[in-house]
Amino acid sequence: MSATGEVKRPVPPDIRARKGGTPLVVLTAYTTPVARLVDPHCDIVLVGDSLGMVIHGLPSTLGVTMEMMILHSQAVARGLSRAMMVVDMPFGSYEEGPEQAFRNAARLMVETGAAAVKLEGGEHMEATIAFLTARGIPVMAHIGLTPQAVNTLGGYRVQGRGEDATRIRRDAEAVTRAGAFSVVLEKVPDALAREITQAIDIPTIGIGASADCDGQVLVVDDMLGLFTAFRPKFVKRYAELGQEADRAIAAYAAEVRARTFPAPEHVFGEKAPGK
Ligand code: KIV
C-alpha cells in the first residue's frame, strides 16, 4: 500500500526481494479481458510468446514477431492496474548480440509500458543479460526447457536429467551473475529445481519444476482448459472452460436452427424510439 492507500504495483527489485518469501504468482495473458481477470490475483503477468501457439495457432513459438508481442502487450497493459507486466522477447530479436537485444528490449518497454523483458538462455546469454541490466532493462531469465530452442533441443523434453544437471546449474549461476532479477525454470527435475532455488539468490519461477521454487507460472489458457491442442504433464486444469464454451456454443447453434433464439426479450418493438 502507498501513503494514499493505493496498492503499489511491484517493480523488479520488489520481485527480487521476494526470494524465499511467499511464493510469486505468475500467469500469462494476451488480451485485455484476460489481463483484467488475472490482475487481482497475480504478482506478475507475463505476455509470453506462447501466444503464438495459444492465440495464433502456430506450431511453435518460432513464428512470433516483435509486432505480435507489442500488439498483445499493449492490450494486456490496458487490463492491468496491480500486477507487474513482463514481456517475452521473441525468437530472433535478441540472439545476435547485446546491441540487437538492447534495441528490441527497449522498443518492447517503450511501446508497451512493460516493467521488464524475459529472454531464453543461460550461460550463452550472460553477456547479453549483463548488457541489458546495466542499461536499465530488467531481465527475467528462462532456462531448462527453452521452447525457442526446440529444434536444437530435439523436442520439448525434460532438461537437466543425470549429468545434464551441471549445464542447468551453470545456466542458473550465469543468469544470476549477469543481474537477472528472477529466472524461470522450465521442465527440469524436481530435485534439481529445489537445489538451484537454494543455491542462487534470485527468485526461481517454476513451470514443470518444483513446488519449492520461489514462484510458479502457468499459461492461463492451459489452466482454464481453453487450450486443448495438447496438455503437458505440468499443467493442472483449474477449470474446463473449453468444455463449457462448447456447451454454450452448441446451445446457441441449436436455438438459432430451431428459431427459439432470439426470444421476445431479445427483440425490439415499435415503442421507445432510439432503443
Ligand atoms: O511463453 C510463455 O508463456 C512462457 C511461460 C510458459 C514461462 O515462457
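When a ligand or atom number is given, it counts from 1 through the structure's own listing order.
A side-chain donor-acceptor contact under 3.5 Å links Arg135 to the backbone of Phe131. In this structure, Thr32 contributes its side chain and Gly79 its backbone to no donor-acceptor pair below 3.5 Å.
Atoms of ligand 1 lying under 4.0 Å from at least one heavy atom of Lys118, given by number and element, are 4 (C), 8 (O). Each of the following atoms of ligand 1 lies closer than 4.0 Å to a heavy atom of Thr28: 3 (O). Every atom of ligand 1 with a heavy atom of His142 under 4.0 Å away is listed here by number and element: 8 (O). Less than 4.0 angstrom separates some heavy atom of Gly48 from each of these atoms of ligand 1: 1 (O), 2 (C), 3 (O). Counting atoms of ligand 1 from 1 in the listed order, those under 4.0 Å from a heavy atom of Asp49 are 1 (O). With ligand atoms numbered from 1 in the order given, ligand 1 contributes 1 (O), 2 (C), 8 (O) to contacts under 4.0 Å with heavy atoms of Asp88. For ligand 1, the atoms closer than 4.0 angstrom to any heavy atom of Ser50 are 1 (O), 2 (C), 3 (O).
Residue-level proximity to ligand 1 for Glu186 is absent, since no heavy atom of it falls below 4.0 angstrom. Contact annotation for Thr61 and ligand 1: no heavy atom of the residue comes within less than 4.0 Å of the ligand. At a heavy-atom cutoff of 4.0 Å, ligand 1 is contacted by the side chain of Leu46 but not by its backbone.
At the top of the distance list for atom 6 (C) of ligand 1, counting protein heavy atoms only, stands Ile207 CD1, 3.6 Å.
Residues Val188 and Ile168 form a side-chain contact, since some pair of their non-hydrogen atoms from C-beta on lies under 4.5 Å apart.
Side-chain contact of Asp190 with Ser210: a donor-acceptor pair under 3.5 Å is present, judged by distance alone.
By the ring-ring contact (aromatic ring centres under 6.0 Å, His included) test, Phe261 pairs with Tyr252, His266, sequence neighbours left out.
No close placement of the Phe91 and Tyr94 rings is indicated, their centers lying 6.0 Å or farther apart.
Between Arg169 and Glu195 there is a salt bridge, since at least one side-chain N of the basic residue sits less than 4.0 Å from a carboxylate O of the acidic one.
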Under 3.5 Å, which donor-acceptor pairs link side chains of residues 39-54 to any protein atom two or more places apart or in another chain?
{"unit_1": "Asp39", "atom_1": "OD1", "unit_2": "Ser81", "atom_2": "N", "d": "3.4"}
{"unit_1": "Asp39", "atom_1": "OD1", "unit_2": "Arg82", "atom_2": "N", "d": "3.1"}
{"unit_1": "Asp39", "atom_1": "OD1", "unit_2": "Ala83", "atom_2": "N", "d": "2.8"}
{"unit_1": "Asp39", "atom_1": "OD2", "unit_2": "Ser81", "atom_2": "N", "d": "2.9"}
{"unit_1": "Asp39", "atom_1": "OD2", "unit_2": "Ser81", "atom_2": "OG", "d": "3.2"}
{"unit_1": "Asp39", "atom_1": "OD2", "unit_2": "Arg82", "atom_2": "N", "d": "3.1"}
{"unit_1": "Asp43", "atom_1": "OD1", "unit_2": "Arg18", "atom_2": "NH1", "d": "3.2"}
{"unit_1": "Asp43", "atom_1": "OD2", "unit_2": "Arg18", "atom_2": "NH2", "d": "3.4"}
{"unit_1": "Asp43", "atom_1": "OD2", "unit_2": "Val25", "atom_2": "N", "d": "2.8"}
{"unit_1": "Asp49", "atom_1": "OD2", "unit_2": "Gln148", "atom_2": "NE2", "d": "2.6"}
{"unit_1": "Ser50", "atom_1": "OG", "unit_2": "Tyr30", "atom_2": "OH", "d": "2.6"}

